[in-house]
Amino acid sequence: MKLSVAPLLCCFLIPAAWADDNGGLKKDAAPPAPHSLDEGYRGTEDARIMTVTQAKEMHDGATISLRGNLIDGSGGDKFKFRDKTGTIDTIIPQAVFDGRTVKPDHMISINGSLDKKMNPPVVRVDHIQK
């Protein structure tokens with residue numbers, strides 16, 4: 001009985017030792033220029049992703065899906081997001097990063113809701129996809 005419990009215990013401890021919880025924005029790479037953010041998607045994929053300009057015109061509480069780059073972090077959970085049409089402030093809790101590292105030159109998709117009660121409007125992000 002003791003021999004079967006020891007390997008089982010090791011299986012639970014090893015993944016915790018390899019876990020890296022240093023996720024978030026790493027500013028060691030410069031973001032690409034706004035005019036070069038077109039990554040080659042065509043057709044229906046372009047129709048599903050809105051731009052920052054379109055997002056700013058949506059109503060308060062609207063569900064937002066954007067594709068671009070996190071270009072700056074002003075401390076805590078506040079970040080600037082940019083696509084080829086402009087920038088918008090975002091609030092991204094550390095738990096949303098889920099240990100993943102995002103650099104300014106990484107193209108990401110964010111999903112969340114628009115908060116127009118704040119001035120300027122912000123996107124409260126609840127999902128990031130690299």
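Reckoned from all heavy atoms, side chains included, excluding hydrogens, waters and symmetry mates.
Under a hydrophobic clustering in which Ile, Leu, Val, Met, Phe, Trp and Tyr are joined whenever their side-chain heavy atoms come within less than 4.5 Å, directly or via other members, Ile88 and Val102 fall into the same cluster. A continuous path of ILVMFWY side-chain contacts below 4.5 Å connects Val123 to Val52, so both sit in one hydrophobic cluster.
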Given Ile110 and His127, is the side chain to side chain contact (heavy atoms under 4.5 Å, CB included) satisfied, shown in steps? CA-CA 6 Å; Ile110 61 171; His127 182 73; over 6 Å; no

Could you walk me through whether Ile91 and Met118 satisfy the side chain to side chain contact (heavy atoms under 4.5 Å, CB included) test, starting with their C-alpha distance in whole Å, then the side-chain angles of each, then the deciding distance to 0.1 Å, before giving a yes or no? CA-CA 11 Å; Ile91 297 175; Met118 297 184 74; 4.2 Å; yes

The test is side chain to side chain contact (heavy atoms under 4.5 Å, CB included); show your working for Lys116 and His59 and say whether it passes. CA-CA 7 Å; Lys116 287 191 103 170; His59 62 85; 5.8 Å; no

Determine, stepwise, if the pair Leu70 / Ile92 fulfils side chain to side chain contact (heavy atoms under 4.5 Å, CB included). CA-CA 11 Å; Leu70 280 181; Ile92 308 174; 3.9 Å; yes

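For the pair Pro104 and Asn69, the tightest heavy-atom approach, listed with the atom from each and the gap, is O-ND2, 3.0 Å. The two residues Leu114 and Ala55 make their nearest non-hydrogen contact at CD2-O, 3.1 Å. Closest approach of Ser113 to Gly61, counting heavy atoms only: CB-O, 4.2 Å.
Through side-chain heavy atoms spaced under 4.5 Å, either directly or across other Ile, Leu, Val, Met, Phe, Trp or Tyr residues, Ile71 is tied to no other residue.
The CZ atom of Arg67 sits 11.5 Å away from atom CG of Asp83, with the distance rounded to the nearest 0.5 Å. The NZ atom of Lys56 lies 5.0 Å from the OG1 atom of Thr87; values are rounded to the nearest 0.5 Å.
Legend: ring-ring contact (aromatic ring centres under 6.0 Å, His included) pairs involving residues 62-84, not counting sequence neighbours, sorted by first then second residue: Phe79-Phe97. Counting only residues at least two apart or in different chains, salt bridge (Lys or Arg N to Asp or Glu O under 4.0 Å) contacts with residues 121-130 comprise Asp115-Arg124.
Under the salt bridge (charged side-chain N to carboxylate O under 4.0 Å, His left out) criterion, Asp77 pairs with no residue, sequence neighbours left out. Checked against side-chain hydrogen bond (donor to acceptor under 3.5 Å, both in side chains), Asn111 has the following partners two or more places apart in sequence or in another chain: Ser65. Residues passing the side-chain contact (heavy atoms from CB on, under 4.5 Å) test with Thr53 are Thr51, Glu57, Thr85, sequence neighbours excluded.
Between Ile128 and Asp98 there is no side-chain heavy-atom pair separated by less than 4.5 Å. Counting only heavy atoms from C-beta outward, the side chains of Met50 and Ile64 approach each other to under 4.5 Å. Side-chain contact between Thr90 and Lys80 is absent, with no heavy-atom pair separated by less than 4.5 Å.
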